[in-house]
Amino acid sequence: KASRKEKQMFGHLMGTALTSTHENGMMILDYNVFPGGKQMHILITGANGFMGRNLAHALRQARPEDHLYLIDIRSTQEERDEAAREADFVFHLAGVNRPQAPAEFMQGNRDFTQTLLDSLTKHPPVVVTSSIQAALDNPYGQSKRAGENVVRAYGERTGAPVYIYR
């Protein structure tokens, strides 16, 4: 069962996908940036998590013509490669927050993000969920901040729009 915080985060993420405004300094992506009638290939990492499952459901309802690539920790390298090759838009929701060893924070939050972004051939826009912990100097916060930096560098290098949500 989802916590209240998870439900609030999902509400913000869905606002990202389905509305268009600038409110209180927060940029919200217009879902209408997706061309009407054109099938989009949308990659969702963390697809079996609370936000990923609900985002996929909402996208299927809003745009049934789109193809969703639902990627999670059990996805094969071939599935990840195909999704990255075809993606027109990326919701990067995957991350590590309860590792067995502290080094897994960087592996899951920075390194996987870098690998994902390096494999995107079309240089699509990317929405990434981060954490308010990114402002803190602890192993989790450092890894989330490092992941944000990787996303910003991708945007600067490719010219693709990137949206980081804490």
Side-chain angles (χ1 to χ4, degrees), residues 2-34 40-56 58-59 62 66 68-73 80 83-84 87-99 102 104-166:
S3 70
R4 179 178 162 173
K5 183 176 180 179
E6 286 175 320
K7 288 178 184 176
Q8 288 173 337
M9 286 174 44
F10 176 69
H12 287 294
L13 184 61
M14 287 313 303
T16 300
L18 302 174
T19 64
S20 173
T21 59
H22 289 269
E23 295 178 11
N24 302 324
M26 175 188 253
M27 183 171 153
I28 301 176
L29 177 65
D30 184 349
Y31 190 73
N32 293 321
V33 300
F34 298 154
M40 298 291 292
H41 296 128
I42 302 171
L43 184 148
I44 302 172
T45 67
N48 281 330
F50 173 78
M51 292 185 353
R53 280 191 322 270
N54 285 284
L55 176 60
L59 290 173
D66 291 343
L68 303 182
Y69 292 94
L70 305 178
I71 301 300
D72 72 359
I73 199 161
R80 289 191 300 270
D88 298 311
F89 198 96
V90 176
F91 286 97
H92 181 34
L93 312 179
V96 172
N97 61 7
R98 293 182 193 93
E104 292 175 33
F105 282 128
M106 281 295 183
Q107 292 166 353
N109 295 325
R110 180 198 59 204
D111 299 348
F112 176 69
T113 300
Q114 184 69 64
T115 299
L116 171 68
L117 298 176
D118 287 347
S119 66
L120 297 171
T121 58
K122 295 181 183 180
H123 306 294
V126 175
V127 172
V128 62
T129 53
S130 185
S131 169
I132 60 171
Q133 293 281 315
L136 302 179
D137 194 26
N138 60 48
Y140 177 66
Q142 292 169 350
S143 73
K144 294 305 278 187
R145 188 170 49 256
E148 289 178 4
N149 291 338
V150 165
V151 172
R152 284 187 193 94
Y154 163 82
E156 291 170 10
R157 183 178 75 251
T158 65
V162 296
Y163 307 92
I164 299 169
Y165 290 90
R166 285 188 178 178

Y154 meets the ring pair (Phe, Tyr, Trp, His ring centres under 6.0 Å) criterion, sequence neighbours left out, with none
Residues 130-150 vs salt bridge (Lys or Arg N to Asp or Glu O under 4.0 Å), sequence neighbours excluded, gives E148-R152, E148-R166
CG (L93) and CD1 (I71) are apart, to the nearest 0.5 Å, by 12.0 Å
F89 and V127: side chain to side chain contact (heavy atoms under 4.5 Å, CB included), yes or no, with the steps?
-> CA-CA 8 Å; F89 198 96; V127 172; 3.7 Å; yes
Heavy-atom nearest pair, I164 first then S130, reads CG2-CB, 4.1 Å
Residues pairing under salt bridge (Lys or Arg N to Asp or Glu O under 4.0 Å) where one sits in residues 118-130, two or more places apart or in two chains, turn out to be D88-K122, D118-R157
- Is there side-chain contact between L116 and V90, with heavy atoms separated by less than 4.5 Å? yes
Smallest heavy-atom separation, I44 atom then G52 atom, equals CG2-CA, 4.1 Å
One should read off an interatomic distance between L70 CG and L55 CG, to the nearest 0.5 angstrom, of 9.0 Å
Using a 4.5 Å cut-off on heavy atoms from C-beta on, say whether the side chain of L120 contacts that of T158.
-> no
Sorted by chain and residue number, the side chain to side chain contact (heavy atoms under 4.5 Å, CB included) partners of D72 (sequence neighbours excluded) come out as N48, R74, S75
- Message: Quick one, V96 and Q107 - any side-chain contact, counting heavy atoms below 4.5 Å?
- Response: no
Between the CZ atom in F105 and the CZ atom in R98, the distance rounded to the nearest 0.5 Å is 10.0 Å
Might you confirm whether atom CD1 of I73 has over 12 heavy atoms from other residues, nucleotides or ligands at distances under 6.0 Å? no
Taken in chain and number order and not counting sequence neighbours, the residues that satisfy side chain to side chain contact (heavy atoms under 4.5 Å, CB included) with T115 are none
All heavy atoms of A160 vs all of P124, minimum pair found to be CB-O, 3.5 Å
With a 4.5 Å cut-off on side-chain heavy atoms, are S143 and R110 touching? no
ask   = Counting only N and O atoms by type, is there a donor-acceptor contact under 3.5 Å from the side chain of N109 to the main-chain atoms of G95?
value = no
- Decide yes or no for D66 and L59: does some side-chain heavy atom of the first lie under 4.5 Å from some side-chain heavy atom of the second? no
Contacts of A94 meeting side chain to side chain contact (heavy atoms under 4.5 Å, CB included) (sequence neighbours excluded), chain-then-number -> T45, H92, F112
Close side-chain approach of V128 to V162, heavy-atom, < 4.5 Å | no
